[in-house]
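For reference, the structure discussed in these notes is given below.
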Amino acid sequence: MPQVKIIAKNFMDMVASLPAIKLDKLYNNVFICEAILRSLPPLAKKYVLQMLYIDVAVPATVLEEWVLADGASKHRVAIDRLIQLRIFSEITDRKRGTSYSLNPTFQNNLQKHIISGGVLPREPMNSDNSIKLPSLQELETYALKQWERFLLQLINSGQGDKLNGISESMMKIFQRGLLSQRDKDGPRLTESGFQFLLMDTNAQLWYIIREYISNAEERKVDPADLISFLLELSFHVTGEAYNSNTLTELQKNTLKDLEDLGLVKLQQGMKGNWFIPTKLATNLSVSLSDSSARKEGFVVMETNFRMYAYSTSKLQCEILRLFARIEYQLPNLIACAITKESLYNAFDNGITSDQIITFLQQNSHPRCADRVPAIPENVTDQIRLWESDLKRIEMTQAHFYDEFPSKDVFEAACDFAREWGGLLWEDSKRMRLVVKSEVHNQMREFLHTQSK
Amino acid sequence: MPSVASKQYPDDVSLLVLLLDTNPFFWSTTSITFSQFLSHVLAFLNAVLGLNQLNQVVVIATGYSSCEYIYDSSLTSNHGSFERDRTGMPPLFASLLNKLEDFVTKDEELSREEGNEDRTPSCLLSGSLSMALCYIQRVFRSGHLHPQPRILCLQGSPDGPEQYVAVMNSIFSAQRLMVPIDSCYIGVQNSAFLQQASYITGGVHHTPKQLDGLFQYLTTIFATDLHSRGFVQLPKPIGVDFRASCFCHKKTIDMGYICSVCLSIFCEHHKKCSTCGSVFGQSKLDESSSVSDKKKKASQT
C-alpha cells in the first residue's frame, strides 16, 4: 500500500525499545514499574501478580498449566512481552528445561507498592493555601484550549498567537512529516498531516510526545529521564497543585514545553511556583486507545449532505474545511456541505473515505449519536462511491510473455501461472499472456525446464 | 439504545465489590487475627487497583446486624493524600480503616440492642449482597462507559438460614444482571449460600486451606478479570450444597413440603400456605409422612 499511516503506538512500545541498561535503571522508580504493569496484556499482568512473592524461578511447564488450551497463543504473547520488557528473565537449564523469574528490582518495587501504596516524590499543595485552584471543569477547558492553540500553530505556522515555551525549532520538529516545506506556496499539509488532524486527541497527543522523546537526544536530554518523568507525571492527581521546586532543572524545562501542549497548568504563587496536571497528562500512560477522554460530539449530518457543526473552535473549522465546503459561520455554528468537489479535494490530499466517516461518527452530536446509524446511510454510501470513482483503474506490476514455441508449452505455462494465482490475461490464439510480477521468477524457472 | 455490552470498556477494566466479613463472633475463633487478614486484603485491593488505571474497588463491611459501604476508590482518590499527613498511614486506606473502626463499634452496639441469643452467629450476607447489587445497578445506569463489575464475598461466618429467601433473591438478580459472585470461604464449615451463589452466577468458589497465604490465593484466583477468565485455569466446584431453608422455622432441610402454587418450602405440613394463602388438600402421603416426621423429631432430641 502506498499510503503513509501514522502509527500511534502506545508509550510502552517506546519503553520496550530502550536498551537493557536504561530499562533496568527505569525500574528503580516505583511508578514506572506500576505504569508498566498497567500496560501489559491482561494475562501477563496476572502472571506478574501471581509470581510477585515467589522467589525461585518457575518452570515454563508450570506456567503453561495456568492457562486453558484455548489460551495458548495469548500465553505466548504474554510471555514474549514480559521477556521483551525484561520483567521476566529466562533461565535455561539442561535438566529442568526453561524457567522464568521476575526481575528483582521490579519485583521489590512492586511488592513495596502493593503493601504501602504509592507515595509521590512531592506532596500536593494543601487546600487552605492562598492560591485559588481552578475547578476540574476549568482545567479541562484550559487543557483543550491550549492543545487546540498548539494544533492551530502546527498546521498554519505563520498565523495564530505565538506560544511562549516551545521554540521555533521544536515546532519544526513536530511539523516534520506533517507538513511539506515548499518554498513557492508555503508549507502544505502532507497526507499524514491530514490523517493526523482526523485522529482523536489521545492519539494526536501521543504522536507529539513520541516526537518529543525521540528528539530528546538532539537537545542533549536523556530519553530515559524524560520517559520516567512523563510516566511519573501521569500518576499525579488531576487538579491538585504541586510545588515545582521539587523538580530538577531538566524537569522544569520540560514542564514549560508541556504547558504549551496543555498537559500542565503553571501557576505562580506567594511561596514559589506550582504546577497542576490536567487530564491530558494523567491519561498519558493509559493503554486504552479511546479511553474515558471521549468528548461530546458537535456534528449534525443531514441526508441532504448538509452538515451543521455546533462549534466555536477555529481548529474544528479548519478540520471540517479539509473535506467539506464551509457555507457560512454563525457565532456558535458552522454550516457546511459535503460536495463532490470538496471530497475530491480531500481524496487528493490522501484522506480516505473511511477516515472521514469515522471522524463524522466519532464527533456526531449526542442527539444524532443515539440514532443508528449516526450518519445517514445515503451519505456514507455516497462518500464511498465517490472515492471508488477515483479508483476505477487498478495498477498491478506484471510481465508480458509471448513467442511460445508450441501450443503445449503455452498451455502448460498458463496452467502454471493459474496455479500460482498470478494469471492476469491470456490470448490463446496468438499465444500471449500477462502474469503478475511476483510470479515472474517461478515462471522463468518453469519455462527454462520446459524448453530443455 | 446501545446495549449494556457496548458501553463496557473493551479491555480488562473491572469494578470489584468486596464484601468483607467483620462478624466478631467468627473472628474470635480463627487461627489468624483480623488485622493479619486485613493486611492480606489491603494488599490485594492495592494490587487490583494497580492492574489498571480505570479499575475501581468498592468495599462493603458485613457485620453481625448491619452493613455499610466503607471504601470506594472512585471517591477517595482525589483527597486521599491529605489524610496521610494526619495518620501517617498509606493514603489509600487510611479512610477505609477509619470507617471500618466506626462501623465495627456501631455494629457492636446494634447487636447488643438486638440481644437475640438464639440467632446463629452469622453475618448479614443478604444485606451486603443487596447493597453491592444496588451499587452495580447505579453504575449500569450512569450512562457512561463502565467497568465490568463482579462481586467477591470474603466470608468466614456460617450461613444464617433465616436469610435464605433474601440471599437467594439477591443471587437471582445478580444472575439476571450477569454479575458473577466470587466467593472465598475462610471458615471451618461449608457455606451452602456461597456455593450456590457462585454456581448460579458463574463465579468462582474456593476455600483456601492455609490462611497464611491468603494473599496468594486472592491474587491467583480472585484477581482474574472477567476478560481473562475465558482462558485461565480456575478452581472448579467439586460439589454444590443445594439445600434450602424452610420458610416457617428457617431451618436448613434436606426434605420438606413445597407449595405447588408459589414453591414456598416448609419443614412440616401446614393447612394453608403462609406465603400465597393457597389451601392444601389432605394428601395421602400425609399420614405416612407424619409418622416419619415424628421419627425425625425423635432422632433430633
Side-chain angles (χ1 to χ4, degrees), chain A residues 33-35 37-54 64-75 78 110-111 113-120 123-124 126-127 136 234-240 282-283 285-292 294 369-370 372, chain B residues 1-3 6 9-14 39-40 42-55 73 76-82 84-85 88-94 96 143-147 213 215-234:
Chain A
C33 297
E34 167 93 31
L37 177 69
R38 283 178 175 175
S39 77
L40 294 171
L43 208 54
K45 285 180 192 174
K46 200 177 143 45
Y47 291 162
V48 172
L49 210 56
Q50 224 156 317
M51 289 176 55
L52 198 57
Y53 282 92
I54 299 175
E64 273 161 30
E65 279 170 20
W66 288 351
V67 288
L68 298 170
D70 310 352
S73 63
K74 290 208 165 74
H75 171 79
L110 216 54
Q111 283 178 358
H113 184 88
I114 276 180
I115 290 171
S116 61
V119 181
L120 282 170
E123 295 275 304
N126 286 328
S127 44
L136 284 181
S234 69
F235 279 92
H236 287 62
V237 180
T238 317
E240 295 283 348
T282 40
N283 272 342
S285 70
V286 181
S287 53
L288 298 167
S289 52
D290 56 343
S291 66
S292 49
R294 192 172 282 176
D370 289 347
V372 179
Chain B
M1 259 299 276
S3 65
S6 70
Y9 289 105
D11 211 271
D12 58 340
V13 184
S14 41
S39 62
H40 283 282
L42 291 191
F44 168 68
L45 291 182
N46 244 340
V48 170
L49 288 174
L51 284 181
N52 199 315
Q53 192 171 16
L54 298 165
N55 273 3
S73 63
T76 44
S77 61
N78 273 333
H79 45 80
S81 34
F82 293 123
R84 200 175 71 94
D85 302 334
M89 260 185 289
L92 221 49
F93 294 118
L96 187 154
H144 301 294
L145 276 179
H146 57 75
F215 177 77
Q216 193 66 33
Y217 283 107
L218 289 175
T219 47
T220 311
I221 301 168
F222 299 107
T224 319
D225 55 272
L226 299 186
H227 170 78
S228 310
R229 291 201 180 186
F231 38 85
V232 168
Q233 291 276 13
L234 288 170

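Per chain, numbering begins at 1; letters A, B, ... match sequence-line order.
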>> I need the residue from B/Gly50, B/Ser228, B/Ala43 with the largest number of non-hydrogen atom pairs under 4.5 Å to chain A.
In response: B/Gly50

>> So for A/Gln111, is it side chain, backbone, both, or neither that comes closer than 4.5 Å to the heavy atoms of chain B?
In response: neither

> For A/Leu68 and B/Gln233, what are the C-alpha separation, side-chain angles and deciding distance, and is it a side chain to side chain contact (heavy atoms under 4.5 Å, CB included)?
Replying inline: CA-CA 6 Å; A/Leu68 298 170; B/Gln233 291 276 13; 3.5 Å; yes

>> For B/Thr220 versus A/Gln50, what's the shortest heavy-atom pair and its separation?
In response: CG2-NE2, 3.0 Å

>> Could you walk me through whether A/Tyr53 and B/Thr219 satisfy the side chain to side chain contact (heavy atoms under 4.5 Å, CB included) test, starting with their C-alpha distance in whole Å, then the side-chain angles of each, then the deciding distance to 0.1 Å, before giving a yes or no?
In response: CA-CA 11 Å; A/Tyr53 282 92; B/Thr219 47; over 6 Å; no

> Roughly how far, to the nearest 0.5 Å, is CG of B/Leu51 from CD of A/Glu34?
Replying inline: 8.5 Å

> How would you list, by chain and number, every residue that makes a ring pair (Phe, Tyr, Trp, His ring centres under 6.0 Å) with B/His40, sequence neighbours excluded?
Replying inline: none

> With a 4.5 angstrom heavy-atom cut-off, which part of B/Ala223 approaches chain A: side chain, backbone, both or neither?
Replying inline: side chain

>> Within this structure, what is the CD1-CZ distance for the pair A/Ile114 and B/Phe215, rounded to the nearest 0.5 Å?
In response: 4.5 Å

> B/Phe231 and A/Leu43: which non-hydrogen atoms are nearest, and at how many Å?
Replying inline: CE1-CD1, 3.8 Å

> Rounded to the nearest 0.5 Å, how far does OG1 of B/Thr224 lie from CG of A/Leu49?
Replying inline: 9.0 Å

